[in-house]
Amino acid sequence: MKYLTETILLAVAAFIALLGAAFSKDSLFQAHAWILFFVLAASAIFLMRKVKPAAADDTRSDGYMDEVVRYGTIATMFWGIVGFLVGVIIAAQLAFPELNIEPWFNFGRMRPLHTSAVIFAFGGNALICTSFYIVQRTSQARLFGGNLGWFVFWGYQLFIVLAATGYLLGVTQSREYAEPEWYVDIWLTVVWVAYLIVFVGTIVRRKEPHIYVANWFFLSFIVTVAMLHLVNNLSLPVSLLGAKSYSAFAGVQDALTQWWYGHNAVGFFLTAGFLGMMYYFVPKQANRPVYSYRLSIVHFWSLIFLYIWAGPHHLHYTALPDWAQTLGMVFSVMLWMPSWGGMINGLMTLSGAWDKLRTDPIIRMMVISIAFYGMSTFEGPMMSIKAVNSLSHYTDWTIGHVHSGALGWNGMITFGALYFLVPRLWNRERLYSLRMVNWHLWLATLGIVVYASVMWVSGITQGLMWREYDDQGYLVYSFAESVAALYPYYVLRTFAGLLYLSGALLMAYNIYKTIRGDVREEAPMGAPAQAVPAE
């Protein structure tokens, strides 16, 4: 019987969650257990309605398992809009503090919800679905493990729900990019191991002898994130039926572990994984081979070797030994070379196809994403230099840097990948509207440019005000005065976020109409204007 085993497992898991709610040691664990119970019970009931005699599974004529990729594209778009919306809300909360709603919807709880929604929900789903698509095509093999791919997808959605509700409830470890508590971390570990098995299993059973470079980037992302997650989240729970746990590390060792994880989550989750997307989708959309395959291999090995050492630059002027701070700075500066090697490789892939920029807004989006990758990977090493860091650290300059990378590089390459995937996954001739893609491109680009620019100005203003002393050695400005000075920049940041969100909503509508099979009547992109006869 199809889905019978899965339905039984979900029902048993729902019953265990119910027991957890009944015997919990604290109210936060109990609330989370109830959420888990209702999610699992609803899923079991939904699957129960689909139980039927085993029939042909989801196999396309070319033998690939693409239904899970289709679900992944929709989840990516959904969580992206959620993440961008929450980002606009918290930006507005900083400009207008009365928008903080206690206790669940204040800035302190909404901010990790925003970062996790954009990085792990939007970015994570994008990486999972595109890696499943790419590894099948480049290996000429169906996904390994049968329904294990579905377990990875739905298990990851459950992690997102538990993490997001935990932030609003106040269930948190207070570790940057690693806020979920111990039991959610354990569940993510199970899902991530299944993801590794599916990906490696597909490569092992490949018909193509060569392993394409995109798969090397995806593999490094999966393996390294697993290692980072396991070490950084080592903790001892107070009770097996309680939410609270204590880190296995303390003091400066805890800080170093946190930023070894934090910076390499950026390096391998937000860089290596998305470079895998770049090395597949840019050549495919441009219909050109990678400019230099040799350069892509040099890019891969130098990047993964250097990145893992760069974390200590987050701890300049702290109790961390000075040699460790300098080590992080040196490796960060060295990272500029392989990063720009990858940027040059991506841009030069368009050699002989630059004319497509006039007619293909998806290529434009990918080119802008690569440009933001180059800018962010120059700015990051520059900010790691101690003299620069003494001004930039703890200011909005860092916020601007992070968003230029996340929205400019990760967001734009993901949008381009989704625009590439949707017509092919649903067997449509083309997207509903290419001109809507162009509108999305400019709304998103303008949003990022305004956002990053005002945060640069805001951050430098902060840094200069905080370090201004009078001739007697006293601070010239109070902290409250520095906050008041930033008000116009925070309003502009909210406006920039609205622009970016508007573009994402336009994309969601475009994708929805494409899936339905609608095609908008419009003039081709780049078509010359009709001549108007002289009077």
Y167 and S116: side-chain hydrogen bond (donor to acceptor under 3.5 Å, both in side chains), yes or no, with the steps?
CA-CA 10 Å; Y167 301 149; S116 288; 2.7 Å; yes

At their closest point, which heavy atom of [X] faces which heavy atom of [Y], and how far apart are they?
| X | Y | result |
| --- | --- | --- |
| A92 | L99 | CB-CD1, 3.6 Å |
| S245 | Q173 | OG-OE1, 4.1 Å |
| M227 | I308 | CE-CD1, 4.1 Å |
| T172 | S174 | OG1-N, 2.9 Å |
| S404 | I448 | CA-CG2, 4.2 Å |
| Y490 | A95 | CB-CB, 3.9 Å |

Side-chain donor/acceptor of [X] to backbone N/O of [Y], under 3.5 Å:
| X | Y | answer |
| --- | --- | --- |
| Q325 | Y317 | yes |
| T202 | F144 | yes |
| H316 | S384 | yes |
| N232 | L228 | no |
| Q136 | M65 | yes |
| Q258 | D254 | no |
| N106 | I101 | no |
| R70 | L425 | yes |
| Y261 | Y177 | yes |
| W104 | R109 | no |

All N/O donor-acceptor pairs, side-chain side in residues 13-25, below 3.5 Å, sequence neighbours left out:
{"unit_1": "S24", "atom_1": "OG", "unit_2": "A21", "atom_2": "O", "d": "3.4"}

Sequence-distant partners of [X], side chain to side chain contact (heavy atoms under 4.5 Å, CB included), two or more places apart:
| X | result |
| --- | --- |
| S339 | L303, Y373, T377 |
| I89 | L85, Q93, M110 |
| L315 | A255, L256, W259, T318, L320 |
| V483 | F479 |

If you look only at distance, which donor and acceptor atoms sit under 3.5 Å apart when one is on a side chain in residues 74-84 and the other is two or more places apart or in another chain?
{"unit_1": "T76", "atom_1": "OG1", "unit_2": "G72", "atom_2": "O", "d": "2.7"}
{"unit_1": "T76", "atom_1": "OG1", "unit_2": "A126", "atom_2": "N", "d": "3.2"}
{"unit_1": "W79", "atom_1": "NE1", "unit_2": "Q157", "atom_2": "OE1", "d": "2.9"}

Which residue pairs pass the salt bridge (charged side-chain N to carboxylate O under 4.0 Å, His left out) test with at least one member in [range], sequence neighbours excluded?
| range | value |
| --- | --- |
| residues 221-230 | none |
| residues 379-406 | D322-K386 |
| residues 178-199 | none |

Working to the nearest 0.5 angstrom, can you tell me the gap between [X] [atom1] and [Y] [atom2]?
| X | Y | atom1 | atom2 | value |
| --- | --- | --- | --- | --- |
| T395 | W456 | OG1 | CH2 | 13.0 Å |
| L127 | I134 | CG | CD1 | 9.5 Å |
| Q30 | I35 | CD | CD1 | 11.0 Å |
| L188 | H229 | CG | NE2 | 4.5 Å |
| Y246 | L236 | OH | CG | 10.5 Å |
| F305 | L335 | CZ | CG | 10.5 Å |

Is the shortest side-chain N to carboxylate O distance from R142 to E67 below 4.0 Å?
no

Quick one, [X] and [Y] - any side-chain contact, counting heavy atoms below 4.5 Å?
| X | Y | value |
| --- | --- | --- |
| M383 | H401 | yes |
| F281 | L421 | yes |
| N233 | I186 | no |
| W260 | V231 | yes |
| V135 | Y212 | no |

Ring centroids only, cut at 6.0 angstrom: are F159 and Y156 within range, meaning strictly under it?
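Between F159 and Y156, the centre distance is under 6.0 Å.
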
Could you tell me whether H263 and Y307 have their ring centroids closer than 6.0 angstrom?
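That pair passes the under 6.0 Å test.
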
Evaluation steps, side-chain contact (heavy atoms from CB on, under 4.5 Å), between S390 and R467
CA-CA 10 Å; S390 66; R467 69 198 296 181; 4.0 Å; yes

Begin with the C-alpha distance, continue with both residues' side-chain angles, and end with the deciding distance and a verdict on side-chain contact (heavy atoms from CB on, under 4.5 Å) for L10 and M48.
CA-CA 10 Å; L10 279 172; M48 198 180 299; over 6 Å; no

For the residue pair F96 and Y487, does the interplanar ring angle fall in the parallel (under 30°), tilted (30 to 60°) or perpendicular (over 60°) class?
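F96 vs Y487 ring planes: perpendicular.
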
Just say parallel, tilted or perpendicular for the rings of W150 and Y71, cut-offs at 30° and 60°.
perpendicular

Positive for ring pair (Phe, Tyr, Trp, His ring centres under 6.0 Å) with F221, one of W216, F199, W192
W192

Checking side-chain polar atoms at under 3.5 Å, does N264 have a donor or acceptor matched by the opposite partner on T224?
no

Answer with yes or no whether the side chains of Y279 and H299 bring together a donor and an acceptor at under 3.5 Å.
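Y279 and H299 do have a side-chain donor-acceptor pair below 3.5 Å.
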
Set of residues satisfying side-chain hydrogen bond (donor to acceptor under 3.5 Å, both in side chains) with respect to T165, sequence neighbours excluded:
H32

With sequence neighbours excluded, what pairs up with S131 under the side-chain hydrogen bond (donor to acceptor under 3.5 Å, both in side chains) test?
Y195

Whether over 12 other heavy atoms sit under 6.0 Å from W466 CH2:
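Counting neighbours around CH2 of W466, more than 12 heavy atoms of other residues, nucleotides or ligands fall under 6.0 Å, so yes.
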
Atom CZ of residue position F378 - does it have more than 12 heavy atoms of other residues, nucleotides or ligands inside 6.0 Å?
no

Pairs under 3.5 angstrom only: tabulate donor-acceptor contacts from the side chains of residues 265-276 to other protein residues two or more places apart or in another chain.
{"unit_1": "T271", "atom_1": "OG1", "unit_2": "V266", "atom_2": "O", "d": "3.0"}

For V330 and W309, what are the C-alpha separation, side-chain angles and deciding distance, and is it a side-chain contact (heavy atoms from CB on, under 4.5 Å)?
CA-CA 9 Å; V330 170; W309 298 93; over 6 Å; no

